[in-house]
Amino acid sequence: MKTTLRGKLLPPALAILFSVLLCTIALLISGDNPLDAFGAMLGQLFRGTTAIDTLNSGAVYYLAGLAVAIGFQMNLFNIGVEGQYRFAAVIAAIVGGGTVLPPVLHTLLIIIVAVLAGALYALVPALLKVYRGVSEVISTIMLNAIAIGLIAYLVSTDAFGVQIGNNIATKPIPESGWMPGIPFGEGGTLFGFVFVAALVGIGYWVLLNRTRFGFELRASGESPTAATAGGVDARKMILTAMLLSGGVAGLTALPELLGRDHEYLQTSPAGYGFAGIAVALLGRNHPGGIALGAVLWAFLDKSAVSLDNVGVPQEITTIMQGAIVLSVVIAYEIVRRMELAAEQRRVGRQLGRDTSDVAAGGSV
Amino acid sequence: MRRSRVTTLAAVALTGALALAGCAKDTGGGSTPPAGGGNQAAGCKLSPVPQGGGATSGSGTAPGAKVDASALKVGLAFDIGGRGDASFNDSAAAGLDKAKTDFGLKEAKELTAAPNETEDAKQSRLRQLAQEGFSPIIAVGFAYAKSVEAVAKSFPNVKFAVVDDDTVKLPNVTGLVFAEEQGSFLVGVAAAHKSKGCHVGFVGGVNVPLIQKFEAGFKQGVKAAAPDAKIESEYITPAGDFTGFQDPAKGNVVAAGEISRGADVVYQAAGASGKGVFEAAKSKNALAIGVDSDQYNQKTVENSKDVIITSMLKRVDVAVYDFVRAVAGNTLDSLPKRFDLKVDGIGYATSGGKVDDIKATLDAYKQQIIDGKITVSDKPSN
């Protein structure tokens, strides 16, 4: 189906507008001044490290979003990105903290280990799906729960954890395994991994749009039966898509692990994988869209602190995130119908003439 | 076309998954035999109460000269839950409120952490407070340790304190840590004395080193008072899953399980989940012991207050209050390295009068700990 520029840009704009409206109502009900709130949200970008923090967290959400999007392309709903990224983060932190290698090699090793660990954790639902027909939705949710237990064990002092005060962390990764960032002085430090995330995004686009594998993947997603008839091995596609998704998921925690934390703490935050689902939805599986979605999501996250600081309930950012996801889906459907109606009218007018303007890729 | 249906489905499923996660709680077990079954009223064979140590217990940090804190701007960075969590955030808030009235403290700002927030959010919160001129800044919870370390370096003139952590070694950072195991020891003694079936239980929120200190002290206290006592010990969630501190329904299930196995006095160190532990004790005719603040007088657990015989007091309020006073009076060196029984940073509650009959016993043990005749380990033995 044809998608015009308007069809691409209108829905997200509508969604953001709608969620701003919804939050304004919520703020008015709770007795806060919406202008103060939105002023604080915008103003934070010019203060402290918020702008850089937003990009840093954006990279995290971007990787999680890409991981989910790879599954979506194939009609696979990989809810397990959450478990995959956390499992990979712990394994990578343990391996990174336990090895001695020269600088660049050390970092590379950690990255490779993270990708493999993420893929390995995604292999389980992939095999279950291919050979037993188990829905990946169910199996990945279950594996998320199992990951919590696995991580609790791996980070405990019985396994690889080291107690520091009341907290437990994996052994810190020595400096040779870090990834240097770009310091902005007072403004914070931009993680070097932000650029890796951008490269992964480009790789995702090339893979989907410029390779045979990407074509087969999208074809299988559009119509499994047609793809099979065309000689595509559905099982192989599921397996590869799931492993790729898990591998990218494995990278999710690395911006923070290599750029700032250098260890996995028992108190390290969870939930990036779930945010990744929302981000992939926001971005309509398009690498550019996911990037915008990820940065928007990160920006809303950061707003919580600034809102709290001006006395506005920080939960408003959660309302906004939720409202955006829901309204983006609705807005796309509305705009899609509008476009369809417009196209029908145009086709009606131009009947007989050539209308070979089928979308040149990127339509989602 | 097809794709858009998938995304719609995905959105619905995402919402559904969240909703499911919200209500995926086990229903509490129903019909179990009453607690304390066979050997009713038998009680424990109790150890003799330790004697001696005539001196009265230490009376906290010396009252000292009156300080004037009206020039201070105190920033308080709470952990998840913030003011009103009926747990250690509230306790810190109480200390701040007392400092306000006692020292003429005028300006204070309270900020609260969001669940699952990242390290940079914590740093931003602290940095905003520091930039707005707040000093001292008190971070509540050990999760702040790394953020305080990072921010304190860039603000050498601002005083920081971290509750529950003393790993940050910087001249402008003070650690406010507690001897939770000592207070837990005392309530363990109380549990052993109050148990009819000589069988007690411990419910921890999340299996982390901090809560293990409560478990360790409790077990040692029970064994010191009654070497034959049986002890149930369980955590609501494993480390890394911090919902164990916020889930009364799960607290109820875990406590009910322990009670049905025979425990008739249950000690909870489970934050907001403790409410469920009290409810389980009430519905199964068992007794319970609260934690952190004097829970007998707490609004949130009012309905089951009659089962709460005592509470292990972890005086975060005292630590915060003392810290503000020390900053105002420039006497930071006088703060104790650990808030323990000796300085009344740790204690047990007597509200409700349910441990009045054994108060002498508890105080005797307390004196032994203060005098160093009993040392309580902060690690569970098994």
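Convention: sequence-line order gives letters A, B, ...; per-chain numbering from 1. What you are looking at is a predicted structure, and each value in this text was computed from that prediction instead of being measured. Note that these values count all heavy atoms, side chains included, but never hydrogens, waters or copies made by symmetry.
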inquiry  = Given 3.5 Å as the limit, does a donor-acceptor pair link the side chain of Lys302(A) with the main chain of Ala121(B), or not?
reply    = no

Residue part contacting chain B, namely of Tyr153(A), when any heavy atom lies under 4.5 Å = neither

query = Which one of Gln128(B), Gln123(B), Arg127(B), Lys122(B) satisfies the side chain to side chain contact (heavy atoms under 4.5 Å, CB included) criterion with Val305(A)?
reply = Gln128(B)

Leu265(A) portion near chain B, given a 4.5 angstrom heavy-atom threshold = side chain

key: Any residue meeting side-chain hydrogen bond (donor to acceptor under 3.5 Å, both in side chains) with Thr174(B), in chain and number order, not counting sequence neighbours   = none

inquiry  = Heavy-atom pairs under 4.5 Å with chain A - which of Thr112(B), Thr237(B), Leu129(B) has more of them than the others?
reply    = Thr112(B)

message = Using every non-hydrogen atom in the two residues, find where Ala152(A) and Ala239(B) come nearest and quote the distance to one decimal.
response = CB-O, 3.0 Å

inquiry  = Please classify the contact of Gln266(A) with chain B as side chain, backbone, both or neither, using a heavy-atom distance under 4.5 Å.
reply    = both

task = For chain A, find which of Asn207(B), Leu210(B), Asp165(B) contributes the most heavy-atom pairs closer than 4.5 angstrom.
result = Leu210(B)

ask   = Taking non-hydrogen atoms and a cut-off under 4.5 angstrom, which of residues 138-150 of chain B neighbour chain A?
value = Phe142(B), Ala143(B), Lys146(B)

inquiry  = So which residue, Lys109(B), Arg125(B), Gln212(B), Glu117(B), ends up with the most heavy-atom pairs under 4.5 Å with chain A?
reply    = Lys109(B)

inquiry  = Would you say NZ of Lys337(B) has more than 12 non-hydrogen atoms from neighbouring residues, nucleotides or ligands within 6.0 angstrom?
reply    = no

task = Could you grab the distance from atom CD1 of Ile148(A) to atom CG of Asp241(B), nearest 0.5 Å is fine?
result = 4.5 Å

task = For Glu256(A) and Glu119(B), run side chain to side chain contact (heavy atoms under 4.5 Å, CB included): C-alpha distance rounded to whole Å, both residues' side-chain angles, the deciding distance at 0.1 Å, then the answer.
result = CA-CA 9 Å; Glu256(A) 295 180 337; Glu119(B) 170 72 15; over 6 Å; no

inquiry  = Enumerate the side chain to side chain donor-acceptor pair (under 3.5 Å) contacts for residues 318-327 of chain A, please, sequence neighbours excluded, ordered by first and then second residue.
reply    = Asp301(A)-Gln321(A)

task = Would you mind checking which part of Ile164(A) comes under 4.5 Å of any heavy atom in chain B, side chain (CB onward), backbone (N, CA, C, O), both or neither?
result = both

inquiry  = Which one wins on heavy-atom pair count under 4.5 Å against chain B: Gln44(A), Arg86(A), Glu263(A)?
reply    = Glu263(A)

message = Less than 4.5 Å to any heavy atom of chain A: does that hold for the side chain of Glu132(B), its backbone, both, or neither?
response = side chain

request  = Find the distance between OG (Ser154(B)) and CD (Glu186(A)) and round it off to the nearest 0.5 Å.
outcome  = 7.5 Å

ask   = Within the side chain of Asn116(B), is there an N or O that forms a donor-acceptor pair under 3.5 Å with the backbone of Pro269(A)?
value = no

query = At what distance, to the nearest 0.5 angstrom, does CG of Asp120(B) lie from OG1 of Thr189(A)?
reply = 11.5 Å

remark   = Contact list (residues 46-60 of chain A to chain B, heavy-atom gap under 4.5 Å, by number) returns Thr49(A), Asp53(A), Ser57(A)

Straight-line distance of Asp308(A) CG to Leu111(B) CG, nearest 0.5 Å = 4.5 Å

ask   = Take atom CD in Gln131(B); do more than 12 heavy atoms of anything else shown fall under 6.0 Å from it?
value = yes

inquiry  = Given heavy-atom pairs under 4.5 angstrom as the criterion, report whether the side chain, backbone, both or neither of Glu315(A) touches chain B.
reply    = neither

